[in-house]
Amino acid sequence: MFDLDRWQEIYTALKSNKLRTFLTAFGVFWGIFMLMIMLGSGKGLENSVFEDMGDFATNSAFVWARRTTMPYDGYPRGRRYNFTNDDMQALKDNIPEIDILAPRLQGWGAGDGENNVTRGIKTGAFTIQGDYPEINKIDPNKIIEGRFLNYIDIEESRKVCVIGTRVKEVLFEKDEDPIGEYIRVKGVYFQVVGIFEPMSGMNFGGEKEQTIFLPFTSLQKAYNFGDEVHYFSVTAKENIPVSIVDEKCRQLLKERHHIHPDDQQAVGGFNLEEEFNKMRGLFNGISALMWIVGVGTLLAGVIGVSNIMLIIVKERTKEIGIQRAIGATPGKIIGQIIMESVFLTALAGYIGLVAGIGIIEGVNYLLESSGADTEMFRHPEVDFNVAISALIILIVSGVFAGMIPAQRAISIKPIDALRDE
Amino acid sequence: MIRIENLHKSYVTGLNKLHVLKGIDLDIRSGELVSVMGSSGSGKSTLLNIIGILDNYDQGNYILDNLLIKEMSEKKAALLRNKYIGFVFQSFNLISFKNAMENVALPLYYQKVSLKKRNLAAMEFLDRMGLKEWATHHPSELSGGQKQRIAIARALITKPKIILADEPTGALDTATSYEVMEIFKEINDLGITVIIVTHEKDISEMTNKIIRLKDGFIESINGEKLLVDEYEKEYSHV
């Protein structure tokens with residue numbers, strides 16, 4: 001391989017027609033360049049979606065009460081019902097597959113049209129939710145000051161709250177420390193014990209920055225919700241699909257609330273795993289499409305290389321004849337031609353690879369440094385392994401591209417090659 | 001050195017079959033200087049190609065140095081060519097992008113001789129041809145005679161047993177032709193068998209044995225009797 005004569009021949013053969021060599025190499029260059037750009041952009045789209053999910057537990061499901069649509073057990077259709085505190089215990093007791101269970105009370109929304117929180121002369125409309133500490137394991141938030149809700153808050157129904165960053169901005173001066181301060185939520189005072197910032201872009205009932213978390217029990221008692229629970233968030237234990245847990249929860253809840261087992265509408269729900277898998281499937285599809293198009297482009301380039309090698313062989317028929325007359329074995333000739341082909345594809349491909357990744361990284365850098373919040377496009381990148389496998393594909397295809405011309409070269413008898421004037 | 005028995009060769013081109021060699025019997029001993037003559041189409045180039053293991057044959061036997069050359073793989077043929085035979089062509093067939101020294105050294109490259117060693121050997125052979133100072137020149141910068149001498153140096157570098165020359169003087173003027181023939185004679189004096197295909201009478205007359213081909217047969221071996229006597233004289237006391 002590190003043979004001066006061999007490289008000299010490669011150099012001479014490729015140099016003898018620079019434009020043709022360049023155009024051929026460009027085919028390969030373009031193929032791999034496009035492949036890299038497409039894969040990088042695809043990854044950018046994918047990242048924007050999956051980073052949006054943040055650390056949200058992907059094995060989680062949510063169920064909430066709706067109206068029944070079938071009469072059952074003496075009850076009419078169209079009945080309203082509520083989940084209760086007892087359901088919480090029943091779910092825990094009867095479904096061992098549940099890992100985390102977090103009930104929630106949906107107090108008021110930021111979009112309800114009235115300012116529901118005041119502090120002195122400052123006032124604002126926020127999303128008020130009653131939660132258990134567990135919610136932070138399913139849909140984690142970053143606590144930037146103070147703490148999140150804990151069990152003492154729940155047990156003692158303390159009047160404390162954890163506020164989002166936007167809430168702080170609206171209700172407090174910039175240099176004020178909200179921790180320990182009181183805010184009035186729908187007429188009841190709550191002490192601020194923590195400030196959080198969202199880690200995912202997924203929202204239930206309003207922007208998370210403008211959410212105020214109250215202890216579940218406090219909200220229930222202070223605002224006369226009785227034993228209502230608005231929805232349950234559950235996660236499945238490891239290696240158990242959340243859809244199974246989801247289904248079991250629904251069954252149990254239907255039983256407990258006298259709902260027809262076939263009533264699909266009565267229990268509303270959302271299964272993140274399912275959504276997540278749908279997304280995965282979508283991006284796998286996009287990625288497969290990109291590979292097909294990219295590899296197709298690459299293939300066109302490789303066929304170009306094969307073509308030019310055929311011409312080179314044709315032009316050098318006589319030279320090959322001389323070499324064989326003075327003792328070059330067919331293996332040597334084949335090796336020579338394949339080396340040339342691999343050299344051309346690998347070099348052009350490598351440049352394409354570097355250029356493609358360079359542009360992807362450049363775009364990434366510009367996006368990051370401009371600080372633009374691009375919802376649809378984030379961190380375009382090319383997997384190192386993908387780049388390496390692309391390079392291997394290139395080298396292998398270089399070998400294949402050289403194979404046909406090499407066979408052609410040795411199929412010409414040396415004597416015919418020498419006669420070729 | 002070379003024994004050919006009842007050799008037949010035909011070329012098939014499309015539907016036509018051209019019977020070129022129609023039963024050649026030939027013995028060439030080690031150290032002979034032989035010329036093969038004949039008009040075009042007589043089969044002389046074909047014969048030379050078969051002797052040079054560049055081409056195969058249909059029928060008969062070809063024995064080179066006690067080795068039957070028949071239905072040989074390309075690889076083996078290439079190795080045998082490299083080991084036994086040096087070629088000199090009418091059109092020199094030097095590789096244009098290599099300089100004189102590299103051209104001469106090329107056969108040793110296929111023997112996997114190191115760069116340094118083969119260049120050293122090439123310089124030695126160039127020196128013998130009186131072309132030492134032209135070593136770094138490319139073929140396009142050399143005259144026909146110089147090119148042919150480089151081709152001869154290339155043929156000699158593997159220390160072959162046989163030199164096959166296909167019209168080696170065909171592209172040269174008379175004076176240069178005679179110079180080249182002198183070189184062949186010198187090579188022959190070293191004990192190397194030299195076979196020259198030519199259609200020039202004066203060239204063939206400089207050889208010890210003239211084989212004349214006509215329509216695929218050996219028409220005559222000029223002065224054969226004389227040469228046989230010589231051989232008898234030569235070998236009687238061995």
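Naming: A, B, ... by sequence-line order, numbering from 1 per chain.
Within a 6.0 Å radius of CD in Glu71(B), no more than 12 heavy atoms belonging to other residues, nucleotides or ligands are found. More than 12 heavy atoms of other residues, nucleotides or ligands sit less than 6.0 Å from atom CZ of Phe276(A). Other residues, nucleotides and ligands contribute more than 12 heavy atoms inside 6.0 Å of the CZ atom of Phe283(A). The neighbour count for Met279(A) CE, taken as heavy atoms of other residues, nucleotides or ligands under 6.0 Å away, does not exceed 12. The environment of Lys83(B) atom NZ is sparse: at most 12 non-hydrogen atoms of other residues, nucleotides or ligands sit within 6.0 angstrom. Surrounding CD1 of Ile404(A) are at most 12 heavy atoms belonging to other residues, nucleotides or ligands under 6.0 Å away.
Rounding to the nearest 0.5 Å places OG1 of Thr329(A) at 10.0 Å from CZ of Arg81(B). Of the inter-residue distances, the one linking Ile322(A) atom CD1 with Phe89(B) atom CZ reads 7.0 Å to the nearest 0.5 angstrom. Atom CD1 of residue Ile326(A) and atom CD1 of residue Ile157(B) lie 10.0 Å apart, to the nearest 0.5 angstrom. Atoms CD1 and NZ, from Ile95(B) and Lys318(A) in turn, are 11.0 Å apart once rounded to the nearest 0.5 Å.
Ala328(A) approaches Ala78(B) most closely through the heavy-atom pair O-CB, 3.5 Å.
Contacts with chain A were tallied for Lys75(B), Gln111(B), Lys76(B); Lys75(B) has the most, counting heavy-atom pairs under 4.5 Å.
Residues Tyr109(B) and Lys332(A) are in side-chain contact: their nearest non-hydrogen atoms beyond the backbone lie under 4.5 Å apart.
Only the backbone of Leu94(B) comes within less than 4.5 Å of a heavy atom of chain A; no side-chain atom from C-beta onward does.
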